[in-house]
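Residue numbers begin at 1 in each chain, while the letters A, B, ... track the order of the sequences. Quick note: numbers below take in every heavy atom, side chains included, and nothing from hydrogens, waters or symmetry partners.
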There are 2 protein chains.
Amino acid sequence: MIKPSRRSRGSITVQDVAREAGVSAMTVSRVVNGGTNVREATREAVLAAIAKLNYSPNSAARSLAAGEATQIGLLYSNPSAAYLSQFLIGALAAARRAGCHLVLEACEGERPEEQAEATRGFVQTHVQGVILPPPLSEVGAVRDELDAAGIPWVSVAMGLPPEGSLNVRIDDFAAAAAMTSHLIDMGHRRIGFIRGNPNQTSSAERYRGFCAAIEEAGLDLAAMPVEQGYFTFRSGIVACEALLDLPERPTAIFASNDDMAAAAVGVAHRRGLHVPQDLSVVGFDDTSLATTMWPELTTVRQPIAAMAEAALSMLLDELRPRGQNAQAEQVLAHQLIVRESCAPPPRR
Amino acid sequence: MIKPSRRSRGSITVQDVAREAGVSAMTVSRVVNGGTNVREATREAVLAAIAKLNYSPNSAARSLAAGEATQIGLLYSNPSAAYLSQFLIGALAAARRAGCHLVLEACEGERPEEQAEATRGFVQTHVQGVILPPPLSEVGAVRDELDAAGIPWVSVAMGLPPEGSLNVRIDDFAAAAAMTSHLIDMGHRRIGFIRGNPNQTSSAERYRGFCAAIEEAGLDLAAMPVEQGYFTFRSGIVACEALLDLPERPTAIFASNDDMAAAAVGVAHRRGLHVPQDLSVVGFDDTSLATTMWPELTTVRQPIAAMAEAALSMLLDELRPRGQNAQAEQVLAHQLIVRESCAPPPRR
DNA sequence: CGGGCCAGCGTTACCGCTAACAAATCGCAC
DNA sequence: GTGCGATTTGTTAGCGGTAACGCTGGCCCG
């Protein structure tokens with residue numbers, strides 16, 4: 001007497017689908033993945049059976065059988081929370097599709113030794129690849145450690161990634177230039193710029209974009225006041241104070257990220273300047289801060305979730321033994337988001 | 001002739017550990033999980049072998065063999081990004097430990113029909129349980145849909161969870177009372193309160209805590225101006241304007257979350273009031289906003305990541321067939337975070 | 001001193017899926 | 001028709017781990 005398998009989970013498996021469609025389990029598997037070398041009629045029968053039974057493949061079994069990568073590391077330091085949450089949403093979506101797990105690790109310290117230490121945590125836990133969102137994508141200690149362990153990595157949102165490395169980014173240069181042109185088109189002729197942290201290449205790229213747009217418009221770059229910031233709210237306060245202390249005040253401020261832009265708006269308000277009537281302020285990144293302030297911020301949106309997804313796919317392609325990977329670099333489209341924080345300069 | 005298995009992945013398996021320790025694979029498995037009925041000497045030998053080989057179990061194989069839950073849903077609407085990122089960090093850590101995948105689904109709309117629709121997405125994709133962070137934990141349409149499908153859920157951070165439901169939370173009442181007492185201890189006698197969205201029970205609990213502390217201090221509750229807010233930055237502006245328009249202005253404002261507190265600080269600044277010298281402002285949640293503003297916000301910290309972890313563990317316990325689950329409710333500890341946004345009231 | 005019980009460990013048989021190989025089928029030129 | 005390569009489909013053998021059950025030997029009790 002055959003007793004029903006005591007361990008059956010009652011869920012729909014390939015076998016069930018195969019029986020329903022009158023084919024073998026292997027054929028079902030082929031249809032579900034890629035589906036090479038399956039006759040059209042057969043595929044349709046299988047798809048119909050899948051739909052009928054509401055089958056969804058068991059990802060644990062799949063990655064076990066296929067021997068795929070199952071643990072991908074994500075090393076984060078302290079980007080803005082808004083950035084991180086978007087990033088995680090994208091990465092999680094891609095991870096689930098691929099059936100792999102995301103292993104998070106915080107990298108708190110600033111010192112190379114601490115960073116290397118956090119990285120070694122990954123090596124211990126057998127992650128097969130690592131995603132490096134900013135600003136860690138720029139940290140040599142981390143990359144060296146991963147290279148030494150032979151673990152592939154993808155950098156995300158670097159301004160100027162090293163040749164041949166896996167990376168996903170936007171065109172910081174073009175985005176900053178577009179934003180600058182937007183201000184110029186509005187009539188601003190004296191635009192203050194707050195630079196980002198010099199240890200990140202995107203800072204330089206954004207500044208280059210700013211300069212290029214100024215010069216292209218035939219304006220005098222030397223007349224544009226520039227302050228150094230470090231991407232933090234606090235540094236934005238200092239930089240903005242300096243800009244507004246100038247005898248000839250800028251009519252607009254372009255901060256290299258939203259946090260610093262928010263700081264600039266705060267400083268302006270405390271000085272009794274109205275934004276945007278007296279001073280226009282624009283940022284970069286379109287984090288949630290941009291809409292939880294008043295006035296809401298004109299800024300550049302990065303497709304953060306899409307970038308995370310792209311990074312993970314790229315990494316998995318790299319890890320897949322079969323064939324060579326198509327591309328090692330992806331530049332996604334950015335978008336200029338116009339809100340209420342900028343307006344034509346005040347008439348004088 | 002035995003050729004080495006062509007599909008071997010070269011990684012360390014239970015078999016390797018078993019051989020090294022001179023026991024069977026099953027014993028290794030027992031040691032790794034729980035480890036009931038294993039002699040101490042044997043356990044040590046196995047642990048030594050594990051350490052020596054640097055073995056780490058394959059979570060795909062584990063969940064396949066054990067037939068464990070592999071997909072846990074996380075339905076989020078739009079809590080603050082800071083909240084979400086912390087929440088995801090905690091949930092991911094727990095998910096990895098348990099070897100299950102997190103399935104995110106955004107629930108955009110406000111209308112019950114849209115919310116139910118988003119929930120049905122989960123039912124389709126065979127998630128075995130769902131975590132409901134605020135404010136979705138309070139949405140009847142979502143919970144009904146899950147109940148109808150027989151999918152267990154855990155609510156997180158509800159103020160007053162329904163009897164018998166799985167939930168993880170902090171004591172909103174006590175936390176709000178503590179914050180209020182802190183203000184009273186500083187010398188404030190006229191404290192304005194901005195309520196949270198009435199569709200969330202935590203709003204009511206926080207308000208109850210505020211009232212209790214006021215009365216316990218022997219102050220006149222009727223003298224405290226209260227405004228309705230909705231947890232949004234925008235609603236905080238309106239509420240704070242109303243409070244500051246009062247003939248007898250409060251010396252402190254207790255906003256039911258950080259976004260509204262940030263709004264209050266902004267309004268005060270635009271009116272030329274200095275925070276905290278002229279007006280103290282405190283918030284609730286300790287999201288990242290609390291430190292990306294100036295002055296930094298005194299607020300209540302929720303252990304968000306820990307709450308997410310607890311929620312996931314609770315859900316998995318519920319799903320595990322063996323035995324009954326210990327607890328259906330967990331109240332984690334909150335913490336009063338004192339920063340720069342409050343000070344004794346101005347002398348008059 | 002025999003037998004029942006249980007802690008401790010091994011054996012077997014899978015979980016659900018897919019790589020690799022084998023077999024069947026097809027198309028087509030001669 | 002026949003032969004042969006290309007395409008489509010089926011078969012087998014695991015991937016790494018664990019549930020269920022079986023076996024062993026020591027302990028206790030009658």
Side-chain angles (χ1 to χ4, degrees), chain A residues 2-19 21-46 50 53 55-71 98-99 101 126 320-322, chain B residues 2-19 21-46 50 53 55-71 98-100 126 320-322:
Chain A
I2 301 168
K3 62 176 167 185
S5 168
R6 53 188 148 83
R7 296 171 66 190
S8 142
R9 242 82 99 203
S11 56
I12 310 290
T13 75
V14 262
Q15 303 296 343
D16 300 320
V17 176
R19 205 172 313 122
V23 298
S24 76
M26 195 59 223
T27 301
V28 175
S29 172
R30 274 190 273 257
V31 170
V32 171
N33 321 307
T36 48
N37 292 352
V38 178
R39 213 174 345 183
E40 195 51 34
T42 313
R43 172 202 313 285
E44 273 163 24
V46 170
I50 288 177
L53 298 179
Y55 164 74
S56 81
N58 178 322
S59 73
R62 178 185 287 190
S63 40
L64 177 59
E68 280 169 357
T70 58
Q71 315 257 68
H101 290 260
H126 308 283
R320 225 176 297 277
R322 47 174 154 238
Chain B
I2 302 166
K3 60 177 170 184
S5 166
R6 52 192 149 79
R7 294 170 67 190
S8 140
R9 244 83 98 201
S11 56
I12 310 290
T13 75
V14 261
Q15 303 296 343
D16 300 319
V17 176
R19 206 173 312 121
V23 298
S24 77
M26 197 57 225
T27 301
V28 174
S29 172
R30 273 190 272 258
V31 170
V32 171
N33 320 307
T36 50
N37 294 353
V38 178
R39 211 171 349 182
E40 194 53 33
T42 313
R43 173 203 310 285
E44 275 163 23
V46 171
I50 288 176
L53 299 178
Y55 164 75
S56 81
N58 179 321
S59 73
R62 180 184 288 191
S63 41
L64 175 58
E68 281 169 357
T70 58
Q71 315 256 70
C100 69
H126 307 284
R320 225 176 299 278
R322 48 174 153 240

Nucleotide N/O of nucleotides 5-10 of chain C paired with protein N/O under 3.5 Å:
residue: C:dC9; atom: OP1; partner: B:R39; partner atom: NE; Å: 3.4
residue: C:dC9; atom: OP1; partner: B:R39; partner atom: NH2; Å: 3.2
residue: C:dC9; atom: OP1; partner: B:T42; partner atom: OG1; Å: 2.4
residue: C:dC9; atom: OP2; partner: B:R39; partner atom: N; Å: 2.7
residue: C:dG10; atom: OP1; partner: B:S24; partner atom: N; Å: 3.3
residue: C:dG10; atom: OP2; partner: B:S24; partner atom: N; Å: 2.8
residue: C:dG10; atom: OP2; partner: B:S24; partner atom: OG; Å: 2.7
residue: C:dG10; atom: OP2; partner: B:T27; partner atom: OG1; Å: 2.5
residue: C:dG10; atom: N7; partner: B:R30; partner atom: NH2; Å: 2.9
residue: C:dG10; atom: O6; partner: B:R30; partner atom: NH1; Å: 3.4
residue: C:dG10; atom: O6; partner: B:R30; partner atom: NH2; Å: 3.3

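Of the side-chain N and O atoms in B:S11, one or more sit less than 4.0 angstrom from OP1 or OP2 of D:dG16.
Rounded to an integer number of Å, the gap from B:I12 CD1 to D:dC15 P is 14 Å. Per the geometry, CD belonging to A:Q15 stands 9 Å off C1' belonging to C:dC17, to the nearest Å. When rounded to the nearest whole Å, the span between CG of A:D16 and C1' of C:dG16 equals 10 Å. Atom CG in A:N58 sits roughly 16 Å away from atom P in D:dG17 (whole-Å rounding). Rounded to whole Å, the distance from CZ on A:R62 to C1' on D:dG16 is 18 Å. The distance from atom CG of A:N33 to atom C1' of C:dT18 is 8 Å, rounded to the nearest whole Å. Rounded to an integer number of Å, the gap from A:L64 CG to C:dC14 P is 17 Å.
Checked against A:V28 for a side chain to side chain contact (heavy atoms under 4.5 Å, CB included), the options A:T42, A:V23, A:D16 give a single hit: A:V23. When each of A:V31, A:N33, A:T27 is paired with A:S29, the side chain to side chain contact (heavy atoms under 4.5 Å, CB included) condition holds for A:N33 and for no other.
Closest heavy-atom contact between A:Q71 and A:H126: CB-O, 4.2 Å. Summarising the geometry of B:G99 relative to B:S59, their closest heavy-atom pair is CA-CB, 4.3 Å, with the distance given to 0.1 Å.
Rounding to the nearest 0.5 Å places OG of B:S24 at 12.5 Å from CZ of B:R19. To the nearest 0.5 Å, the span separating OG on A:S63 from NE2 on A:H101 amounts to 7.0 Å. Here the straight-line distance linking atom CZ of A:R62 with atom OG1 of A:T70 works out to 14.5 Å at 0.5 Å rounding.
Side-chain contact check for A:I12 versus A:V17: some heavy-atom pair is nearer than 4.5 Å.
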Show your reasoning for whether side chain to side chain contact (heavy atoms under 4.5 Å, CB included) applies to A:V32 and A:I50.
-> CA-CA 9 Å; A:V32 171; A:I50 288 177; 3.8 Å; yes
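Bending across the helix from C:dC1-D:dG30 to C:dC30-D:dG1, expressed as the angle between its end axes from five pairs apiece, amounts to 50° (10° rounding).
Each of C:dC17, D:dT18, D:dG16 was ranked by its minimum atom distance to the side chain of B:S29; first place goes to D:dT18.
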